[in-house]
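This report concerns only the one structure given below.
Naming convention: chains lettered A, B, ... in sequence-line order (proteins, then strands); numbering from 1 in each chain.
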There are 2 protein chains.
Amino acid sequence: MSLNKLVNMQESLSHATTLEELQRAAETIRDDYNVDHVVYHWVNSVGERFGCGTYTSEWVDRYLEKDYLYIDPVILGCFHRFDPVNWKQLDWSSKGAREMLRDACDYGVGPQGFTIPVRGPKGQYALFTLADSRSDDEWETFIEEKKKDMILVSHTFNQKALELEERVFQLEAAQLSKRERSTLTLLAKGKNRAQAAQELEISENTLRVYVESARHKLGALNTTHAVARALAAGQIVV
Amino acid sequence: MSLNKLVNMQESLSHATTLEELQRAAETIRDDYNVDHVVYHWVNSVGERFGCGTYTSEWVDRYLEKDYLYIDPVILGCFHRFDPVNWKQLDWSSKGAREMLRDACDYGVGPQGFTIPVRGPKGQYALFTLADSRSDDEWETFIEEKKKDMILVSHTFNQKALELEERVFQLEAAQLSKRERSTLTLLAKGKNRAQAAQELEISENTLRVYVESARHKLGALNTTHAVARALAAGQIVV
DNA sequence: TTCTTACTCACTATTTATGGTGAGGCATGG
DNA sequence: CCATGCCTCACCATAAATAGTGAGTAAGAA
């Protein structure tokens, strides 16, 4: 029964500490849920991409070689979505996208798919994907049935990916001070230094010190860069 | 049984189309799962805050009046987390935080709590929270048992919140041109106009036109503002 | 207590950004 | 064909940001 599979999988994932173990977890899910492919792909907080799962290395090479990353409706579409998506709902109208899908099928991927996008606290962005070749109706039914399981599984994957990442970049978290955050927040809202200083009831000179120190902490080259980094790092919210 | 409750709740939520309905859904969960409070709080893509749930208006007023938003370890801590968190695991070491918790208990909130952070595609940030007054052990057990349900419920809440948001800001999506996006992306990476122009192999004057037109499209007051908005709107990625 | 971190302010010359306008070329779609 | 939007470039005066250092106060942690 589905619940048991889920529990087993989460049990095995809860001990995953390396990329290889995530890989094996993906294979386990593929077998337990009887789908062609299970893939987890993520972009960490410094923009590096990782992937693991059951796609063949031939398909992965092909995908990268053809720059499908910048064409793939799954990647592009999910970036603007929160909710899990059946590939059929995506926009396959462009020529490049249709070519890619044909190509994918030749490599044993698709045409059915189900992808769950997830976002982390520091701009991390991940996709948990199931791919299969059954019919539209069968796939619809399958998704309906397994969707909840898959949301939970994708959560567990993400947690593991974030743990991996934290272990690698051990908390380089440049912590901004309260005033630095307030300053960058106001600048991100379009205020200039004079206005921001007035709003914070400090002199413009003081405010400038905050901008500078924030810049240094964030390793930013100028104010705009600092704001972009602080936003991406989740240190400020506009 | 737990599964039935979940199905009922999701059934009722799936028809929610207003803030009031989300509110009622929160109340239903409170009653079905027998906890003191259920609260859903989110920040939309333009930085506006919304909340709904079972906190009393007295506590909400108190919370806002005392600026607890900037002290609350739940808000601050979850912003840097992906995984659901038992409040006990958060950092309550600051004086302000402890005061807040005492205050919250006086208003019937806590001391136990469980919060699930979720992020949307355009910088939306949401917290789904359960609060209760049972003992540490009882709470631990409760969470262990209901965690999966709650992750699924928080997903459903988020989906509804995003739908609400989309209905309100019906695709005011200022579409930037390719060059405008490239320009803002380079500026977000800390380049100045001269460097960015060189990288794009256009004159600095031309580049300035892109910055200006992007600014106008985004309704931004200056370059930094434009970059922040483009980032928040997912039009550029750093 | 002592040490650290955050917060506050000042000074000045130099570099950059801003705002608005005008204008030609090129592609697309009604 | 003509309108629209995109890409390209130029000019110029003014406003704003930048860089680096020095220094005092206050609060909190060790």
Discussion item. Just to be sure I understand the rule, does B:L221 reach a base, reach only the sugar-phosphate, or reach nothing, if contact means heavy atoms closer than 4.0 Å?
Written reply: sugar-phosphate

Practice prompt. Anything under 30° is parallel, anything over 60° is perpendicular, the rest tilted; go ahead and classify B:W139 against B:F142.
Written response: parallel

Worksheet item: Taking only side-chain nitrogens and oxygens of A:R215, does any of them come within less than 4.0 Å of OP1 or OP2 of D:dA19?
Response: yes

Practice prompt. For A:N222 and for B:L207, locate the closest nucleotide of DNA chain D by heavy-atom distance; then report the residue assigned to the nucleotide nearer the 5' terminus.
Written response: B:L207

Worksheet, complete the sentence: Nearest-nucleotide check on DNA chain D, B:Y210 vs A:K191; residue mapping nearer the 5' end is B:Y210

Response to the item:
B:N192 CG to D:dA16 C1', in whole Å, measures 15 Å

Item to complete: Kindly say if B:S203 contacts the phosphate of D:dC9, meaning a side-chain N or O under 4.0 Å from OP1 or OP2.
Response: yes

Item to complete: Consider the side chain of A:K178, meaning its heavy atoms from C-beta on, and name the nucleotide among C:dC7, D:dC6, D:dA10 that approaches it most closely.
Response: C:dC7

Item to complete: Take atom CG of A:L176 and atom C1' of C:dA6, then tell me their distance rounded to the nearest Å.
Response: 13 Å

Worksheet item: Atom CG of B:L186 to atom C1' of C:dT16: distance rounded to whole Å?
Response: 17 Å

Worksheet item: CD of B:E212 versus P of D:dC7: gap in Å, rounded?
Response: 16 Å

Practice prompt. Nearest whole angstrom, please: distance from the P of C:dA10 to the CD1 of A:I202.
Written response: 11 Å

Item to complete: Measure from the side-chain heavy atoms of B:R208 and tell me the nearest of D:dC11, D:dA16, C:dC7.
Response: D:dC11

Worksheet item: A:T206 near the nucleic acid: base, sugar-phosphate alone, or nothing, with a heavy-atom cut-off under 4.0 Å?
Response: base

Worksheet entry | 4.5 Å side-chain heavy-atom contact, B:R179 and B:I202 | yes

Item to complete: Among the candidates C:dC9, D:dA17, D:dC7, find the nucleotide nearest to the side-chain atoms of B:S177.
Response: D:dC7

Fill in: B:H41 side chain reached by B:T129 side chain, heavy atoms, under 4.5 Å
no

Worksheet, complete the sentence: Rounded to whole Å, NE2 of A:H216 lies from C1' of C:dA6 at a distance of 17 Å

Worksheet item: Using the ring of each side chain (for Trp, its six-membered ring), is A:Y40 parallel, tilted or perpendicular to A:F128, with breaks at 30° and 60°?
Response: tilted

Discussion item. For a quick check of understanding: with a heavy-atom distance under 4.0 Å over all strands, which category does B:S213 fall into, base, sugar-phosphate or nothing?
Written reply: nothing

Discussion item. Any base atoms under 4.0 Å from A:N205, or only sugar-phosphate, or nothing? Heavy atoms, all strands.
Written reply: base

